[in-house]
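Structure first, then comments.
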There are 2 protein chains.
Amino acid sequence: MCGIHRGPYHHEGCGCRGPGPAARREGFIQPCLLLLLLEKPAHGYELLDRLADFGLAEADPGGIYRTLRRLEEEGYVVSTWETGGPGPARKEYRVTEEGEELLHAWARSLAQQKNNLEKFLQRYQEVFARKGGET
Amino acid sequence: MCGIHRGPYHHEGCGCRGPGPAARREGFIQPCLLLLLLEKPAHGYELLDRLADFGLAEADPGGIYRTLRRLEEEGYVVSTWETGGPGPARKEYRVTEEGEELLHAWARSLAQQKNNLEKFLQRYQEVFARKGGET
DNA sequence: TGCAGATATATGATTGTGTCATATATGGGC
DNA sequence: GCCCATATATGACACAATCATATATCTGCA
């Protein structure tokens, strides 16, 4: 555990040593799954790897499967069991029209979040540029 | 409630009409408070307004006060009661050295989050640029 | 005097999501 | 027969945001 957290979770870039998952980035896994599935239909275990593209390395498998099932319940993705290949059966998901709409909504939300983050980071840099100049 | 949410919360930029608070941006209020307090010591009610700078308009007062008290418990800010002025007494907060360190850690984490958001948004745009060209 | 409204802080209850731990099953390699 | 990678699933927990509500002070005003 490092200074930035109350709980046992680490944050990306927090600079702590020791074991600890990446930042808890609420509301980011879901849109990432939708985007990855839109690029190419896949099963959960594969998505688990592909999430690393967005900084979500070592995501929690349980969480991924649960999110996928919930997205299916709500009609944003559909799945088919693939029993042909080697190993255990896979559940392959693909995005529905509704899921594509949902991804658009997420993209708007995340673009806004990016703006807010940029505002924060700029103000942050200004404060310390000023402080540096004061000495 | 709009399509993007399971719960009663709205997301920024989600495009829904009707009443609803801004996005639930976990782990953003705390660094914003630290930055605002570093720029200028203030009391909770004032911060409530200043948070709008970072897209956190109409933040929850209860949440702000609780966050400030927790930050104080953990030594990141200190407070003094200001009874001089008009109206009810105010609790003015300012950032400690530890709080400044914490802000640095947050800034690293948020910069990383910004990178991840950018990766997502770029891939998102690429997908739909491709789709648009296919027709 | 009374009382409405802005200012200011505080607390209880609930929820959603992520996280951690664990269970179960299939098939390949040795 | 046994281990390991693959693959999906479920239970328990924690955190931070949200929603609702309570309390107190002071000003303006009728």
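Throughout, protein chains are lettered first and strands after them, A, B, ... in sequence-line order, and every chain is numbered starting at 1. Every value quoted in this text rests on a predicted model; they were computed, and no experiment measured them.
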- Separation between CD (B/Glu92) and CH2 (B/Trp81), nearest 0.5 Å, reads 12.0 Å
- Item | Nucleotide nearest A/Pro88 when distance is taken to its side chain, options C/dG18, D/dT18, C/dT26 | C/dT26
- Query: Taking CD from A/Glu46 and P from D/dA7, how many angstroms apart are they, rounded to a whole number?
  - Reply: 9 Å
- Message: Please pick, from C/dG18, D/dA7, C/dA8, the nucleotide with the shortest atom-to-atom distance to any side-chain atom of A/Arg90.
- Response: D/dA7
- Message: Any base atoms under 4.0 Å from B/Ala59, or only sugar-phosphate, or nothing? Heavy atoms, all strands.
- Response: nothing
- Item | Interatomic distance, A/Ile29 CD1 vs C/dT19 C1' [rounded to whole Å] | 9 Å
- Message: I'd like to know if A/Arg70 reaches the base of C/dG16 with its side chain such that a donor and an acceptor end up less than 3.5 angstrom apart.
- Response: no
- Query: Using the ring of each side chain (for Trp, its six-membered ring), is A/His104 parallel, tilted or perpendicular to B/Phe128, with breaks at 30° and 60°?
  - Reply: tilted
- Task: Remember a base hit wins even if backbone is also touched, and classify B/Gly63 as base, sugar-phosphate or nothing at under 4.0 Å, heavy atoms.
- Result: base
- Message: Regarding A/Gly62, tell me which of base, sugar-phosphate or nothing describes its non-hydrogen contacts under 4.0 Å with the strands shown.
- Response: base
- Query: Expressed in angstrom and rounded to an integer, what is the separation of B/Glu82 atom CD from C/dA8 atom P?
  - Reply: 12 Å
- Please give, in whole Å, the distance from C/dT17 C1' to A/Gln30 CD? 10 Å
- Atom-to-atom span, CG of B/Leu71 to C1' of C/dA10 - whole angstrom: 16 Å
- Query: Which of the following nucleotides, C/dG18, D/dA20, D/dT8, is nearest to the side chain of B/Asp60?
  - Reply: D/dA20
- Rounded to whole Å, CD1 of B/Ile64 lies from C1' of D/dA20 at a distance of 16 Å
- To the nearest 0.5 Å, atom NE2 of A/His43 lies from atom CG of A/Leu68 at 11.0 Å
- Query: Just by distance, do the side chain of A/Ser79 and the backbone of A/Lys91 share a donor-acceptor pair under 3.5 Å?
  - Reply: no
- Would you kindly give the CD-to-C1' distance between A/Glu72 and D/dT8, to the nearest whole Å? 13 Å
- Hey, what do you get for CG (A/Leu117) to CD (A/Gln122), rounding to the nearest 0.5 Å? 13.0 Å
- Message: Nearest to the B/Tyr65 side chain among D/dT6, C/dA8, D/dT8, which nucleotide is it?
- Response: C/dA8
- Distance check: side-chain N/O of B/Tyr45 vs OP1/OP2 of C/dT7, anything under 4.0 Å? yes
- Query: Would you say a side-chain N or O of B/Arg66 is under 4.0 Å from OP1 or OP2 of D/dT18?
  - Reply: no
- note: B/Lys91, atom NZ; D/dT25, atom P; distance rounded to Å ~ 16 Å
